[in-house]
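Structure record follows, encoded as C-alpha cells.
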Amino acid sequence: MVARVIPVEPFDLVVFGATGDLARRKILPSLWRRFADGQMPPEGRIIGAARSRLSTEAFRALVAEALNEQPAATTAERAAIGPFLERLDYVTLDAGDATGWQMLGEQMREGVVHAHYFSVAPALFPALAAGLDQHGLNRPDTRVVIEKPFGHNQASAQALNAMLARHFDESQIYRIDHYLGKETVQNLMAVRFANILFEPLWNARFVDHVQITVAETVGVNGRGEYYDAAGAMRDMVQNHMMQLLCLIAMEPPYRFDSDAVRDEKLKVIRALDPVQPEDIVRGQYRAGGGGAGFADEVGNPGSTTESYIALKVGISNWRWRGTPFYLRTGKRLRARASEIAVTFRDPPHSIFGEDAPWRANVLVIRLQPDEGMTLRVMIKEPGPGGMRLKDVALDMSFAEALGGELPIPDAYERLIMDVIRGNQTLFMRGDEVEAAWAWTDPVIAGWEARGERPHPYDPGATGPEDALMLMHRDGRRWREIR
Ligand code: BG6
C-alpha cells in the first residue's frame, strides 16, 4: 500500500513577517498540522524572522497561543504542539540592517532544503530579495515564496517579476494563490482528466454556460485600506477566480507537471475576450443588519470600490467560442458558498414530445463548504400515469464518500509542503500573472473612465438586483446562494 503521508526532506524554512497575521492564522498552523500528521520531518525547522525584538522562547509562546486558538484540532494535533514548538527559532531582522541577516546566515544549516516565505507587505519584497543575495543566502536551489497581492496592475506585476528575476531563476519562485491549494480545486483536474465521462462533452457544443461563484459572508475584516484600493476585481477575480476558470477551461496538459499545466492555463488567459461594459455589474454593500456599510468600514465615505462583482466572460478558442462563463464574487452575501456549475445544453430532440418538462443537466462542483459534487439528471418519476420526467440530483459529499476519515487540509498545508518538495505545479508562473493583469487592467480602466459607481446591495442579500439582469437577458439564471 502507498503511504498516505510521505515525509518531505529536512528543511530550513524562514518565515519573514513571522509575527504577522498571515503567519499566525495560516502559515504556522499549517506547518503544525503537517508536523502532527508526520509529513514535516523532525529535521524540519522553521525560523521566524521579523522586526520585533523577541527571544526564541517569546516567539514560541506567541505561536503556542495562535495554535491553541485553532478550531477543531484533534487530540494528536494538540499533543504535537510542544514538540512542534521545539522546531521553531527566531531571528530579529530588519531587511535594511546587516546584523539580522548575519544571524540568520548562522542559523541556516547545510545539506537541507532552504525556503524563504515573504509574508510581508509587497513594498518589502525588494529589500528581502536583495538581502538574501547580499548575505550569501541565495543558493541555486533556494526557494522563495511570494504572497499576494502580486502587483496591482500589469505594470507593477511586470516590475515585480523583473525585480525577482534579477535575483532568482523562475524555478526558485513560488507565487502563491491559495485557491490552487484547496483540495476541491485540485479535484477539478481529477474530475476532468481522470474520468472519460466528462471530457467528450466539455466544449461549446455540449456546454451551454458555466457559472463560477465565490460568495462570502464576511466583510473586509480590518483590511479596509488594502481592500478599498483593490476591490473584488483585483482581490478575487484577477487571481482566484481566474485560476478556477483556467482549470475548467484549459486543454488537457500532456502530463501533470508544473510547466505543462501552467502552459495550458496561460493559453486560456490569453484567449479571454475583453469584457464589454454591459457585461459587468459592480456592487457595494450598504449598512444593515447591525453592521456598517462598506464605505464606513473602509473609512472612505466616498468610496467607489466594489465589494461585489459579476461578469460575463467569453473565451475565443475552438473549444469555448459560444459558451459564456459567468463569474460572481462578493462580500457580506447571504451565505459562504463557492461552487462551479457547468450547465449542459438540451438534447437535440425530445422523444417525449415538445411539452415534456425539461431541465438541463448540470454538474456542480462545490468548493466550500461541504465539498462535493452534484450531477442533475432527468429520470422518470416512478409509478403509473405515463412518462413523467423529473430532474434529480446525484449528490456526493466528499467527506461522506471518503468515510469521514480524511480531514480536508487547509490549502496552505499542501502548498508549503509543495515548496519543500520543489513542486511548482500549484503556483503561478510569472507570465501567467502578467497575462491575468493584461486582461484585468482594461476592465478596471473602463469603469474608471466612465466614472461608474457600484450598485448598493443589502448585507445578507445575493448581490445587487442588476446582477440578476446579467443572466436574465441571456435567458439564464444564477444558481441560488444558500
Ligand atoms: C483572499 C482575499 O485572497 O481570499 C480575501 O484577499 C478573501 O478577501 C479570501 O476573503 C477568500 O479565501 P477563502 O479561502 O476563505 O475562500
Side-chain angles (χ1 to χ4, degrees), residues 17 20-27 29-30 33 70-72 117-122 145-152 157 174-188 212-247 282-285 291 294 297-298 303 305-309 327-340 365-372 398 407-416 426-428 432-433 436-437 440 454 459 463 481:
D21 185 56
L22 184 72
R24 186 184 167 87
R25 278 190 308 110
K26 291 287 183 188
I27 303 172
S30 294
R33 290 188 195 273
Q70 285 293 309
Y117 199 128
F118 292 4
S119 174
V120 296
V145 185
I146 312 291
E147 262 299 332
K148 73 171 274 233
F150 198 91
H152 58 271
Y174 290 72
R175 296 174 194 78
I176 283 215
D177 182 316
H178 80 280
Y179 265 57
L180 289 176
K182 287 183 190 278
E183 279 290 329
T184 19
V185 174
Q186 293 168 56
N187 230 330
L188 293 177
I212 304 180
T213 301
V214 178
E216 299 187 277
T217 51
V218 292
V220 294
N221 276 350
R223 297 154 73 227
E225 196 181 331
Y226 153 76
Y227 196 93
D228 193 30
M233 186 70 181
R234 289 188 172 96
D235 185 53
M236 294 295 291
V237 177
Q238 183 271 346
N239 39 71
H240 306 326
M241 300 195 75
M242 176 75 79
Q243 292 296 324
L244 298 180
L245 184 148
C246 284
L247 296 179
R282 294 163 69 234
Q284 189 187 83
Y285 59 84
F294 176 87
E297 220 175 312
V298 301
S303 173
T305 301
E306 75 285 353
S307 58
Y308 173 98
I309 189 162
L327 275 45
R328 64 178 163 165
T329 181
K331 296 204 179 283
R332 286 240 199 280
L333 298 181
R334 180 179 296 164
R336 178 170 188 252
S338 303
E339 62 166 43
I340 295 166
I365 300 158
R366 292 190 301 279
L367 306 179
Q368 59 194 26
D370 184 24
E371 292 83 349
F398 292 146
I408 296 189
D410 188 87
Y412 279 86
E413 295 180 40
R414 164 71 194 246
L415 294 176
I416 299 172
L426 300 178
F427 295 82
M428 290 178 301
E432 218 184 317
V433 185
W437 279 121
T440 310
I481 296 179

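None of the values given here were measured: they were computed from a predicted structure. Counting starts at 1 for both ligands and their atoms, in listed order.
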Derivation of the salt bridge (charged side-chain N to carboxylate O under 4.0 Å, His left out) call for K26 and E147: CA-CA 12 Å; K26 291 287 183 188; E147 262 299 332; over 6 Å; no

Worked verdict on R223 versus D235 for salt bridge (charged side-chain N to carboxylate O under 4.0 Å, His left out): CA-CA 11 Å; R223 297 154 73 227; D235 185 53; 3.8 Å; yes

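- Expressed to the nearest 0.5 Å, how far NE2 of H152 lies from CZ of R234 amounts to 6.5 Å.
- Protein residues with any heavy atom under 4.0 Å from ligand 1: K148, H178, Y179, K182, E216, R223, D235, M236, H240, K331, R336, Q368.
- Legend: ring-ring contact (aromatic ring centres under 6.0 Å, His included) pairs involving residues 219-239, not counting sequence neighbours, sorted by first then second residue: Y227-F294.
- Listed for the Q368 side chain is no donor-acceptor partner under 3.5 Å among the backbone atoms of S338.
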From CA spacing to verdict: side-chain contact (heavy atoms from CB on, under 4.5 Å), I365, N187: CA-CA 9 Å; I365 300 158; N187 230 330; 5.8 Å; no

